[in-house]
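A note on names: the letters A, B, ... follow the listed sequences, proteins ahead of strands, and every chain is numbered from 1.
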Amino acid sequence: MDIFLQQLINGLVLGSVYALIALGYTMVYGILELINFAHGEVVMIGAMVTLAVVNMLMASGVDIPGIMIVATGLLVAIAVCMALGFAIERIAYRPLRKAPRLAPLITAIGVSIVLQNVAMIIWGRQYISFPPILPMTRHDIGGAGITDLQIFIFVLALVLMAGLVLLVKKTRIGRAMRATAQAPEIAGLMGVNVNAVISFTFILGSALAAVAGLMVSAYYGIAHYYMGFLLGLKAFTAAVLGGIGNIAGAMLGGLLLGVIESMAAGYIGDITGGFLGSHYQDVFAFFVLIGVLVFRPSGLLGERVAERA
Amino acid sequence: MSQKRIREKKLKSRLLAVLLSALLLNLAACGKNETATTGDGEVVVKIGAIQPLTGPQAHLGKDNENGTRMAIDDANAKGISIGGRKVRFELLSEDDQADPKTATIVAQKMMDEKVNGIIGHLNSGTTIPASKIYSDAGIVQISPSATNPKYTEQGFKTAFRVMPNDVQQGKVLGDFAVTRLGAKKVAIIDDRTAYGQGLADQFEAAAKAAGAEIVTRQYTTDKSTDFMAILTAVKSEKADVLFFGGMDAQGGPMMKQFKTLGLNAKFLTGDGGSTPEFIKLSGGSAEGAYSSLPGLPLDKMPGGKTFADKFTAKYGQIQLYAPYCYDAVSVMIAAMQKADSIDPAKYLPVLAGITHDGVTAKVSFDAKGDIKDGAITLYQVKNGKWEVLETVGGVPAPATPAN
């Protein structure tokens, strides 16, 4: 039981990070029907910038607590990622808004490759390690362990998600986002500044990506220029699993994917009698995705919508 | 047509003719497989170096490339003559991304470039499939770091390595875990690469033979960063030693997560984890971890100190295999000099019987192409640095592997 609980904790922490990233995919898809494949790279840039600032502050020898150093790094990373998200949309997607759907998808992949290589040039090819400045105290819950950092990641992710839901449901800009998602032309006629709303969506998603970047790099203790690819793919899977375009779906999909992966890695060997090993955890996660899509093509919480005219 | 235009046209056709004939000459040269020479009549000897230069193991690949480059620069500085002509060694470096598929493509490219010898690859998983291509082309291949026994068991005359193989390393690790660390219950994780899996298999056999019980065997990949789930599974088995067969890019973060989960087992890994990068990536959690590395510790190597000083001044900290790359190149060049030929067919038999004083060891090969009398050294992280525990061997490698 304690092992099961431990796997659940592992899965929820991992899943909350997936969920944060998945929100970036799903918001953009909800409004533009575009898969922003460069989103994983924004997460990577977030992690890299945080680490660069943290390492710089550490090297300068300023006497402030570790948490403050990380917070400073995070704030800089959020600012950089917001600017990056804004720029990506302006440069790579806005000029193609009236182009066939395939064109912005290609530029998205292009942007992703460019960002990866720029990061490789700036920060090098090697792994960058996260200095051990965050508290790592372990707490015992029913035989399973959970560290401060894990609690922090999980709680922060939940708070951010709750904040996002409030923003979308209760504020003016949130209403504008929902209107744009439903019918961009009509929203424009009703006085919504569609371009501003789209820019805002990218900026918001990128800020969440920056936070996710910090979480991943602090949790695993490492960051490198290639980390965004698989993370992006997993988060995209989570978004599709939950029903792409649906905010609650992205959260559910993210948490679910994290738990599935963790359980699969922990138990797949026992279940299959050693035929499949724990390195099949990714295969298992994608297998679940295929299963869901076969029986519910619109995802768990997605609604079946008629093809737009 | 004006006079001027006619002249222009003539000029153009003449240019074209020159270009075409140059092209034909070139083709003819290729057809004859003539050795390339520089303007001063120097013979250019191309040495191909293949290692991962992108991806999680790029730091190790760059280290290998630098070791190879330094050996080539040193040889050029000496001004070597072979077959009565001055030669200049040229490094052709390629990236195999530590990926077996890419490795064979790059290997084929090297054959098209008509290199005189290959230093590589870094990983066993890339070295083994590529070795067939080199064997078919009759090009000598010396791997500085591939340790999977299969590499030299395929019967290829062209395959050599300057590092002892995993049969020996796995045995030393298994004995060490049981006799020195007192392991009764052993957990094993590997990254499913030819290297990681191979070494883990050898370790498992040796640990079992020494009397330990293997309580669980878990798997990851050479690109993973999340090991919480498999480490939790390990924890549930209450193992007292955890062995990881894989590289530092996974080993370091695994060590950190190992501490996060509060595992009490002792952590043991092979040569792939025996790097400063392992300690860095573990984020301060590496204290007490054990590793093994084929060969002597650097300061005990015959030319280790000199090499280390020179290398560090030029390229910074040695990651792992750079000294072995240096030896791979210098033994290849020594064989060329002794055979007085840069033709692989001519210098190969000389290489097979050579004895060369390298920086890592006295290099000579057995019938399969494995280095003779390899030693294995065990290390432990103390105060944030790998410290030497003990060296086992140079005893001759066993004739037949355990699997």
Side-chain angles (χ1 to χ4, degrees), chain A residues 2-11 13-14 116-117 120 124-134 136 138 140 143-147 149-150 216-227 229-231 258 261-270 274 276-282, chain B residues 52-63 95 97 189-193 196-197 216-237 247-250 252-257 259-263 275 277-286 319:
Chain A
D2 53 338
I3 296 304
F4 179 80
L5 193 62
Q6 185 72 62
Q7 297 289 25
L8 191 67
I9 292 171
N10 298 343
V13 174
L14 183 62
Q116 253 181 41
N117 284 285
M120 190 177 90
R125 292 166 170 150
Q126 71 280 38
Y127 280 71
I128 301 172
S129 60
F130 201 96
I133 51 176
L134 292 172
M136 292 284 282
R138 289 182 71 246
D140 207 53
I146 184 163
T147 61
L149 183 64
Q150 286 175 307
V216 176
S217 56
Y219 187 38
Y220 296 126
I222 46 170
H224 65 120
Y225 77 97
Y226 201 62
M227 66 188 276
F229 175 73
L230 196 62
L231 267 177
E261 259 186 29
S262 180
M263 293 294 169
Y267 293 107
I268 197 169
D270 298 342
L276 294 178
S278 39
H279 55 308
Y280 280 89
Q281 70 177 90
D282 291 354
Chain B
L53 295 172
T54 54
Q57 293 172 32
H59 61 288
L60 296 178
K62 196 72 201 165
D63 188 55
D95 176 17
Q97 300 168 13
I189 300 178
D190 77 64
D191 67 1
R192 296 276 99 182
T193 62
Q197 185 178 351
T216 181
R217 185 127 184 216
Q218 298 285 336
Y219 312 102
T220 182
T221 74
D222 60 346
K223 291 178 185 64
S224 300
T225 47
D226 180 65
F227 313 104
M228 295 296 277
I230 53 174
L231 288 173
T232 302
V234 167
K235 193 183 177 191
S236 69
E237 301 291 345
M247 306 303 287
D248 57 359
Q250 278 66 47
M254 186 182 289
M255 188 76 216
K256 183 184 158 81
Q257 293 165 40
K259 288 276 161 77
T260 305
L261 281 169
L263 266 80
T275 65
E277 196 73 8
F278 173 89
I279 299 172
K280 220 176 94 198
L281 293 177
S282 71
S285 314
Q319 283 292 344

Counting heavy-atom pairs under 4.5 Å with chain A, the top scorer among B:Leu261, B:Ile230, B:Leu231, B:Thr54 is B:Leu261

Among B:Thr221, B:Asp248, B:Thr260, B:Ile189, which has the most heavy-atom pairs under 4.5 Å with chain A? B:Thr260

Counting only N and O atoms by type, is there a donor-acceptor contact under 3.5 Å from the side chain of A:Ser129 to the main-chain atoms of B:Lys280? yes

Under 4.5 Å, counting heavy-atom pairs only, tell me which of B:Ser236, B:Gly284, B:Ala58 racks up the most with chain A. B:Ser236

Of the backbone (N, CA, C, O) and the side chain (C-beta and beyond), which part of A:Tyr225 lies under 4.5 Å from a heavy atom of chain B, both, or neither? side chain

Residue part contacting chain B, namely of A:Tyr226, when any heavy atom lies under 4.5 Å: neither

If every non-hydrogen atom of B:Gly283 is compared with every non-hydrogen atom of A:Pro132, which pair is closest and at what distance? O-CB, 3.2 Å

Segment of A:Ala223 engaging chain B (4.5 angstrom heavy-atom cut-off): neither

Contacting moiety of B:Asp191, where chain A heavy atoms sit under 4.5 Å: neither

Taking side chain as everything from C-beta outward and backbone as N, CA, C, O, which of these in B:Thr225 sits under 4.5 Å from a heavy atom of chain A? Side chain, backbone, both or neither. both

Under 3.5 Å donor-acceptor, A:Gln6 side chain and B:Thr232 backbone: no

What heavy-atom pair brings B:Pro253 and A:Tyr220 nearest, and what distance separates the two atoms? CB-O, 4.0 Å

Value for CG (A:Leu230) from NZ (B:Lys223), rounded to nearest 0.5 Å, stands at 10.5 Å

Taking the side chain as C-beta and beyond, is there a heavy-atom pair between B:Met228 and A:Gln150 under 4.5 Å? yes

Whatever's closer than 4.5 Å to a heavy atom in chain A on B:Leu53 counts as both

Top residue by heavy-atom pair count (under 4.5 Å) with chain A, among B:His59, B:Lys256, B:Arg217? B:Lys256

Could you tell me which of B:Val234, B:Thr216, B:Thr220, B:Asp190 has the largest number of non-hydrogen atom pairs under 4.5 Å with chain A? B:Thr220

Can you tell which part of B:Lys259 gets under 4.5 Å to a heavy atom of chain A, answering side chain, backbone, both or neither? backbone

Measuring heavy-atom distances to chain B, does A:Ser262 have an atom under 4.5 Å in its side chain, in its backbone, in both, or in neither? both

Would you find more than 12 non-hydrogen atoms of other residues, nucleotides or ligands less than 6.0 Å from A:Phe229 atom CZ? no

Residue part contacting chain A, namely of B:Gln257, when any heavy atom lies under 4.5 Å: side chain

Checking B:Gln57 against chain A: side chain, backbone, both or neither under 4.5 Å from a heavy atom? neither

